[in-house]
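Quick notes on the structure that follows.
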Amino acid sequence: MKKITVLIVDDSAFMRKLLKDFLTEDPNILIVGTARNGADAIKKVKELKPDVVTLDVEMPIMDGIDALKVMMEECPTAVIMLSSTTQEGTESTLAAMQLGAFDFIAKPSGAISLDLHKIKSELISKVLCAGTANIAKLHMPQNDCERKPAVVESSSETVQQKFLTHKHIPYKTGSEKKLIVIGTSTGGPRALQTVLSMLPASINAPILVVQHMPPGFTKSLSQRLDTLSAIQVKEAEDGEILKKGTAYIAPGGYHLKDKKLGMSLAVSIDQTDQQNGHRPSVDTLFESVSEIENYEKIAVIMTGMGMDGANGLIQLKKTGLTMAIAESQETSIVFGMPKAAIATGCINKVVDVEQIASVINSYC
């Protein structure tokens, strides 16, 4: 296996050494250099051509955001942002996601995190995954909607046909009550923007969303998406009644579920054990929704590492699933979660991210 080459960018010599020590523990990772600020990073990216860059957000001379802009324009690279959980830090991180950063990691305790060992395994796994990312997808213009490929039906002869071997799943009709559930991870913020911003305010269903994120980031994500969407987007709050035309994003560090409250459905959030190493977990959301009767359910799995959501999708199918949609490999930053969902045999349609909103709307 070819080693994944990494450039570490941080203004702190201590942090650079710590990150280097952590990453070199994995034999598949090779550190090819370090940089002290954004300007130094750009120079070394052009010289060393690393597979992955770990990039601090807050640095002197040129910060991580400005450096990322130049990198993605002049030398596109898979970049993992290291961010603080301050309000400014979370907003900068979300801006980085829109600019094409592969993913981010929240420092446990500020700029100089003496307890950085807490995120060592996460750092290594994300670097390994970033090393295999298709850079063209990361650099894809967010509003590029010129290419509108046809929807991939389960009977189509495509590269993904080998996964779509299940019998056609009949669509339930007749129920006026509908519920949309969406799960995503790496690459999710940009994918969510594409989908949620294309849904009409009049959509006839509430939308429950799990985006793998640590505490402190989902509120800013929700606020950003709300300003860009006709529907309302908000961070989910325990006990609130679900409303049509509103998307509820699971708070970082909490599972998102639903519960019956009289004749209505309400949000339920809790901090029960992680599932698949995640909290929030897509499986947890899907399994909770599977217990709700007399609702048409539309499930969507988008870009992300791992297989979170696949088991929940199977459970949804057992209890009545109207439509299951997976993002295509062509637009996924990481095809792990959609691929695992397709392999369950429960997916009805595989479509590019730009087409997901129209498919959802056609069944609402």
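Numbering starts at 1 and runs along the sequence shown.
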Between Asp308 and Val282 (side chain of the first, backbone of the second, donor and acceptor by atom type, cut-off under 3.5 Å), is there such a pair? yes
Once the angle between the rings of Phe104 and Phe217 is folded into 0 to 90°, is it parallel (under 30°), tilted (30 to 60°) or perpendicular (over 60°)? tilted
More than 12 heavy atoms from other groups under 6.0 Å of OH on Tyr254: no
For Lys317 against Cys346, the heavy-atom pair lying closest together: CD-SG, 3.4 Å
I'd like to check Cys129 versus Val334 (side-chain heavy atoms, cut-off strictly below 4.5 Å). Are they in contact? yes
Just wondering, do Leu192 and Val233 contact through their side chains at under 4.5 Å, heavy atoms? no
If two hydrophobic side chains count as joined below 4.5 Å and joins carry through other members, does Leu261 share a cluster with Leu285? no
Mark yes or no for whether Lys49, through its side chain, and Lys46, through its backbone, hold a donor-acceptor pair below 3.5 Å. yes
Any donor-acceptor N/O pair, Asp11 side chain to Asn37 backbone, under 3.5 Å: no
From CG (Asp283) to NE2 (His255), nearest 0.5 Å: 10.0 Å
Considering all heavy atoms, the nearest Pro251-Pro280 contact: O-CD, 3.9 Å
Glu327 and Thr303: side-chain donor and acceptor closer than 3.5 Å? no
Is there a donor-acceptor pair under 3.5 Å between the side chain of Thr319 and the backbone N or O of Gln315? yes
For the atom pair CG (Asp63) and CG (Leu55), what is the distance rounded to the nearest 0.5 Å? 8.5 Å
Quick one: CE on Met213 to OG1 on Thr218, what's the gap to the nearest 0.5 Å? 7.5 Å
Considering only NZ, NE, NH1 and NH2 on the basic side and carboxylate oxygens on the acidic side, decide whether Lys69 and Glu73 come within less than 4.0 Å. no
Contact between Val210 and His212 at the side-chain level, heavy atoms closer than 4.5 Å - yes or no? yes
Whether Thr184 side chain and Ile182 backbone form a donor-acceptor pair below 3.5 Å: no
Would you call Ile249 and Glu235 a side-chain contact if the rule is heavy atoms closer than 4.5 Å? no
Judged by atom type as modelled, is there a donor-acceptor pair below 3.5 Å linking the side chain of Ser288 to the main-chain atoms of Asp258? yes
A quick test of your reading: do over 12 heavy atoms of other residues, nucleotides or ligands sit less than 6.0 Å from NZ of Lys260? yes
Report yes or no: do Ile292 and Ile269 belong to one cluster of Ile/Leu/Val/Met/Phe/Trp/Tyr joined by side chain heavy-atom distances under 4.5 Å? yes
Polar side-chain atom of Thr24 near backbone of Asp21 as donor-acceptor pair, under 3.5 Å: yes
Whether Arg190 side chain and Leu138 backbone form a donor-acceptor pair below 3.5 Å: yes
How close do Val267 and Ala236 get, heavy atom to heavy atom, and via which atoms? CG1-CB, 3.9 Å
same_hphob_cluster(Phe14, Leu19) at 4.5 Å side-chain heavy-atom cutoff: yes
Please say yes or no: joined through hydrophobic side-chain contacts below 4.5 Å, possibly via intermediate residues, are Ile314 and Val289 part of one cluster? no
I want to check something: taking the side chain as every heavy atom from C-beta on, are Arg36 and Met59 in contact at a cut-off of under 4.5 Å? no
Got Ile231 and Ile203 here, is their nearest side-chain heavy-atom distance under 4.5 Å? yes
Does a sphere of radius 6.0 Å around NZ in Lys234 hold more than 12 heavy atoms from other residues, nucleotides or ligands, not counting ones at 6.0 Å or beyond? yes
Within 45° of the axis and under 6.0 Å from the centre of the six-membered ring of Tyr248, does NZ or CZ of Lys243 qualify? no
List the atom of Ala299, the atom of Leu321, and the distance in Å for their closest heavy-atom pair. CB-CD1, 4.1 Å
Just by modelled atom types, is the Val9 backbone N or O under 3.5 Å from a matching donor or acceptor in the Asp56 side chain? no
Tell me whether Lys259 at atom NZ has more than 12 heavy atoms from other residues, nucleotides or ligands lying less than 6.0 Å away. yes
Verify same cluster id: Ile360, Leu228 (apolar side-chain graph, 4.5 Å): no
Gap separating the CG atom of Asn28 from the CD1 atom of Ile4, nearest 0.5 angstrom: 7.0 Å
Within the supplied structure, the quantity of interest is the number of heavy atoms (other residues, nucleotides, ligands) at a distance under 6.0 Å from Glu293 CD; does it exceed 12? no
Where Pro338 and Ser332 come nearest, the two heavy atoms and their spacing: CG-OG, 3.8 Å
Val181 and Lys297, any side-chain heavy atoms less than 4.5 Å apart: no
Rounded to the nearest 0.5 angstrom, the OG-NZ distance for Ser202 and Lys244 is 11.0 Å
Check against side chain to side chain contact (heavy atoms under 4.5 Å, CB included), Ile31 and Val6: CA-CA 5 Å; Ile31 307 302; Val6 180; 3.9 Å; yes
Measure the shortest side-chain to side-chain distance between Tyr363 and Asn348 over non-hydrogen atoms and say whether it is less than 4.5 angstrom. no
In terms of heavy-atom contacts, Ala41 and Leu7 come closest through O-CD2, 3.9 Å
Gap between atom CG of Asp10 and atom CZ of Arg16 - 0.5 Å precision: 7.0 Å
Among Leu23, Val32, Val52, Val53, which one satisfies side-chain contact (heavy atoms from CB on, under 4.5 Å) with Ile8? Leu23
Test log, rule side chain to side chain contact (heavy atoms under 4.5 Å, CB included), inputs Leu199 and Ile207: CA-CA 11 Å; Leu199 293 175; Ile207 304 152; 3.7 Å; yes
Let me see the working for Ile342 and Gln329 under side chain to side chain contact (heavy atoms under 4.5 Å, CB included), right down to the final yes or no. CA-CA 11 Å; Ile342 293 166; Gln329 184 171 5; over 6 Å; no
Show your reasoning for whether side chain to side chain contact (heavy atoms under 4.5 Å, CB included) applies to Met307 and Asn276. CA-CA 8 Å; Met307 57 178 294; Asn276 302 315; 5.6 Å; no
